Amino acid sequence: PQTPGSSDAGEEAPSGEQPGSVVTYFEAKGFGFLRPDDGGRDIFFHVSRLVEGLATDLKPGARVLYELGMDRTGKMAASSVRIAPAEATV
């Protein structure tokens, strides 16, 4: 449990960001689904919500950080998606 404004890992991640991975991405249609790391249902995302990274990075298994929101019909969807930075090897 982190308090807002604190950053233990040094990552400046917005408070609502959650880790997950790409399950499927339909390039021709511009959307796909993410699988949350903590389990639960897959989450719809649209390529227009990609704020960091390239659409070509959205391959199955790609690590992403996302924020949960609603699509225009009120269903749960990712409101922002970014390709997770590569893990720094120490």
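Keep in mind it's a predicted model, so treat the numbers as computed, not measured.
In the hydrophobic cluster analysis, where Ile, Leu, Val, Met, Phe, Trp and Tyr join through side-chain heavy atoms closer than 4.5 angstrom, Leu50 is grouped together with Leu68. Neither Phe31 nor Tyr25 shares a network with the other; the hydrophobic side chains, linked directly or stepwise wherever heavy atoms of I, L, V, M, F, W or Y lie under 4.5 Å apart, form separate groups for each. In the hydrophobic clustering of this structure, Val64 groups with Met76; members are Ile, Leu, Val, Met, Phe, Trp, Tyr whose side-chain heavy atoms approach within less than 4.5 Å, directly or through other members.
Separating the OG atom in Ser80 from the CD atom in Glu52 is a distance of 9.5 Å, to the nearest 0.5 Å. Separating the OG atom in Ser79 from the CD atom in Glu67 is a distance of 5.0 Å, to the nearest 0.5 Å. Expressed to the nearest 0.5 Å, how far CD of Glu27 lies from CG of Leu58 amounts to 8.5 Å.
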Let me see the working for Phe45 and Ile43 under side-chain contact (heavy atoms from CB on, under 4.5 Å), right down to the final yes or no.
CA-CA 7 Å; Phe45 75 92; Ile43 294 160; 5.8 Å; no
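A pairwise comparison of heavy atoms in Pro19 and Tyr66 identifies O-CE2, 3.6 Å as the closest pair. The shortest heavy-atom contact between Pro36 and Gly40 is CD-O, 4.4 Å. Annotation for Ile83 and Gly53: closest pair CG1-CA, 3.7 Å, computed over non-hydrogen atoms.
Between Val22 and Leu34 the shortest side-chain heavy-atom distance falls below 4.5 Å.
Salt-bridge annotation for Arg63 and Asp37: present, with a side-chain N of the basic residue lying under 4.0 Å from a carboxylate O of the acidic one.
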